[in-house]
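Everything quoted here is computed from the prediction, not taken from an experiment. Values below: every heavy atom of this structure, side chains too, minus hydrogens, waters and symmetry copies. We're numbering straight along the sequence, starting at 1.
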Amino acid sequence: MTNPTCPETGQPMFRDTRPMTIAYKAREATFDMPGWYCAASDESMHTGDDMKVSDRALNRLKAQVEGLLEPEAVRRIRKRLRLTQKDAGRLIGGGPNAFQKYESGDVLVSHAVVSALLLLDRDPSGLAVLTQRADKKVTGGSV
């Protein structure tokens with residue numbers, strides 16, 4: 001995108017990163033928001049990639065408030081279990097692309113997946129049960 005014009009002042013806007021504060025259930029978080037900003041007014045414009053930054057910041061705040069796992073914790077546990085993202089989605093839940101979305105912060109982890117990850121983090125041997133169950137589903141055996 002070339003420098004857009006400020007709708008309020010008519011002046012060119014410039015790429016910058018500015019602090020933005022969001023709130024969720026009486027908790028606040030401030031993060032650096034990229035975007036196009038006008039030097040002469042408070043106007044700003046944000047691309048889809050810019051908005052991903054704010055969406056991820058909101059998801060992180062929601063995870064903290066709701067007691068869910070943050071992306072780094074999901075990644076740490078998955079790697080400790082030596083699972084690919086696709087295998088984690090297949091065995092633990094969410095589907096083949098779920099863990100990519102959890103670990104990027106694009107999607108909040110459900111309470112059920114959090115519970116499974118916390119149990120597996122404490123006792124990785126439980127992964128054998130999930131693997132056996134998934135293998136039976138693939139071969140058509142009873143679950």
Side-chain angles (χ1 to χ4, degrees), residues 1-139 143:
M1 171 187 279
T2 59
N3 289 37
T5 303
C6 177
E8 187 175 310
T9 67
Q11 294 185 10
M13 300 177 86
F14 300 92
R15 286 296 292 173
D16 197 4
T17 302
R18 299 203 178 157
M20 178 179 272
T21 301
I22 54 174
Y24 178 75
K25 291 188 176 179
R27 291 261 314 264
E28 290 186 347
T30 300
F31 64 99
D32 292 329
M33 182 67 186
W36 292 94
Y37 292 90
C38 178
S41 74
D42 289 335
E43 288 294 316
S44 63
M45 292 183 180
H46 304 280
T47 66
D49 286 340
D50 297 337
M51 294 307 296
K52 277 186 181 182
V53 173
S54 66
D55 292 346
R56 289 174 177 170
L58 181 58
N59 281 342
R60 179 176 294 278
L61 179 59
K62 285 180 178 180
Q64 292 167 356
V65 170
E66 301 295 339
L68 301 173
L69 293 175
E70 293 182 37
E72 299 81 11
V74 173
R75 180 178 290 114
R76 179 191 57 76
I77 294 169
R78 177 186 60 79
K79 286 185 174 261
R80 181 170 182 255
L81 296 170
R82 296 187 176 138
L83 293 172
T84 65
Q85 289 177 334
K86 284 190 187 274
D87 284 342
R90 180 175 61 87
L91 296 173
I92 299 167
N97 299 317
F99 275 75
Q100 184 278 324
K101 293 175 183 178
Y102 299 153
E103 293 176 21
S104 68
D106 288 338
V107 173
L108 282 172
V109 183
S110 70
H111 286 282
V113 170
V114 167
S115 295
L117 286 170
L118 291 174
L119 288 170
L120 290 168
D121 193 32
R122 185 177 186 128
D123 183 9
S125 68
L127 192 58
V129 174
L130 298 178
T131 302
Q132 186 178 42
R133 181 176 178 269
D135 290 346
K136 282 183 182 178
K137 282 174 109 177
V138 170
T139 61
V143 178

Colleague: Please list, chain by chain and in numerical order, all residues satisfying side chain to side chain contact (heavy atoms under 4.5 Å, CB included) with A40, sequence neighbours excluded.
Modeller: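 Testing A40 for side chain to side chain contact (heavy atoms under 4.5 Å, CB included), a comparison that skips the adjacent residues, returns T9, Q11, C38.
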
Colleague: Does the side chain of T131 come within less than 4.5 Å of D87's, by heavy atoms?
Modeller: no

Colleague: side-chain hydrogen bond (donor to acceptor under 3.5 Å, both in side chains) with R56: which residues, sequence neighbours excluded?
Modeller: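 For R56, the residues satisfying side-chain hydrogen bond (donor to acceptor under 3.5 Å, both in side chains) (neighbours in sequence not counted) are D106.
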
Colleague: Can you name the nearest heavy-atom pair linking V74 to E103, along with the distance?
Modeller: CG1-CG, 3.9 Å

Colleague: Roughly how far, to the nearest 0.5 Å, is the CG atom of L127 from the CG atom of L120?
Modeller: 6.0 Å

Colleague: Check this for me: does any side-chain nitrogen of one of D55 and K52 sit under 4.0 Å from a carboxylate oxygen of the other?
Modeller: no

Colleague: Ignoring hydrogens, what is the shortest heavy-atom contact between A134 and L91? Give both atom names and the distance.
Modeller: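 Looking at all heavy atoms of both residues, the shortest contact is CB-CD2, 3.5 Å.
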
Colleague: Quick check for you: to the nearest 0.5 Å, what is the distance between K101 atom NZ and N97 atom CG?
Modeller: 6.0 Å

Colleague: What's the shortest heavy-atom distance between L81 and P124, and which atoms?
Modeller: CD2-CB, 3.8 Å

Colleague: When rounded to the nearest 0.5 angstrom, what is the spacing between CZ in R15 and OG1 in T17?
Modeller: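 One finds 7.0 Å between CZ of R15 and OG1 of T17.
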
Colleague: So do V113 and S110 actually touch side chain to side chain, heavy atoms under 4.5 Å?
Modeller: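 Yes - at least one pair of side-chain heavy atoms lies under 4.5 Å apart.
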
Colleague: Could you go through L83 and R90, starting from their C-alpha distance and side-chain angles, then the distance that decides it, and tell me whether this counts as side chain to side chain contact (heavy atoms under 4.5 Å, CB included)?
Modeller: CA-CA 10 Å; L83 293 172; R90 180 175 61 87; over 6 Å; no

Colleague: Which pairs, with at least one residue in residues 55-87 and sequence neighbours excluded, count as a ring pair (Phe, Tyr, Trp, His ring centres under 6.0 Å)?
Modeller: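 Of all non-adjacent pairs touching residues 55-87, none passes ring pair (Phe, Tyr, Trp, His ring centres under 6.0 Å).
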
Colleague: What pairs with D16 under salt bridge (Lys or Arg N to Asp or Glu O under 4.0 Å), at least two apart in sequence or on another chain?
Modeller: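 In terms of salt bridge (Lys or Arg N to Asp or Glu O under 4.0 Å), with neighbours along the sequence ignored, D16 is linked to R18.
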
Colleague: Using salt bridge (Lys or Arg N to Asp or Glu O under 4.0 Å) as the criterion, list what pairs up with E8, not counting sequence neighbours.
Modeller: none

Colleague: Closest approach of L69 and V114, non-hydrogen atoms and distance?
Modeller: N-CG2, 3.7 Å

Colleague: According to the salt bridge (Lys or Arg N to Asp or Glu O under 4.0 Å) rule, which pairs have a member within residues 21-42, sequence neighbours left out?
Modeller: K25-E66

Colleague: Heavy atoms only: give me the nearest I92-A116 pair and the separation to one decimal.
Modeller: CG2-CB, 3.9 Å

Colleague: Under the side chain to side chain contact (heavy atoms under 4.5 Å, CB included) rule, collect the residues that match up with A63, sequence neighbours excluded.
Modeller: L68, E70, L108

Colleague: Kindly write out the residues that satisfy ring pair (Phe, Tyr, Trp, His ring centres under 6.0 Å) with H111, not counting sequence neighbours, or none if the list is empty.
Modeller: none

Colleague: Could you list the residues that satisfy side chain to side chain contact (heavy atoms under 4.5 Å, CB included) with M33, not counting sequence neighbours?
Modeller: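 Applying side chain to side chain contact (heavy atoms under 4.5 Å, CB included) to M33 gives M20, F31, Y37, H46, D50, M51, S54.
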
Colleague: Name all residues meeting the salt bridge (Lys or Arg N to Asp or Glu O under 4.0 Å) criterion together with D121; count only those two or more places apart in sequence or in a different chain, and write none if there are none.
Modeller: R76, R80

Colleague: Give a yes or no on whether the backbone of P12 and the side-chain of N3 come within a donor-acceptor separation of less than 3.5 Å.
Modeller: no

Colleague: Go through the structure and list residues passing side chain to side chain contact (heavy atoms under 4.5 Å, CB included) with D123, not counting sequence neighbours.
Modeller: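 Scan of D123 (side chain to side chain contact (heavy atoms under 4.5 Å, CB included), adjacent residues dropped) gives S125.
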
Colleague: Does anything in residues 83-109 form a ring pair (Phe, Tyr, Trp, His ring centres under 6.0 Å)? List the pairs, not counting sequence neighbours.
Modeller: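 Qualifying pairs: F99-Y102.
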
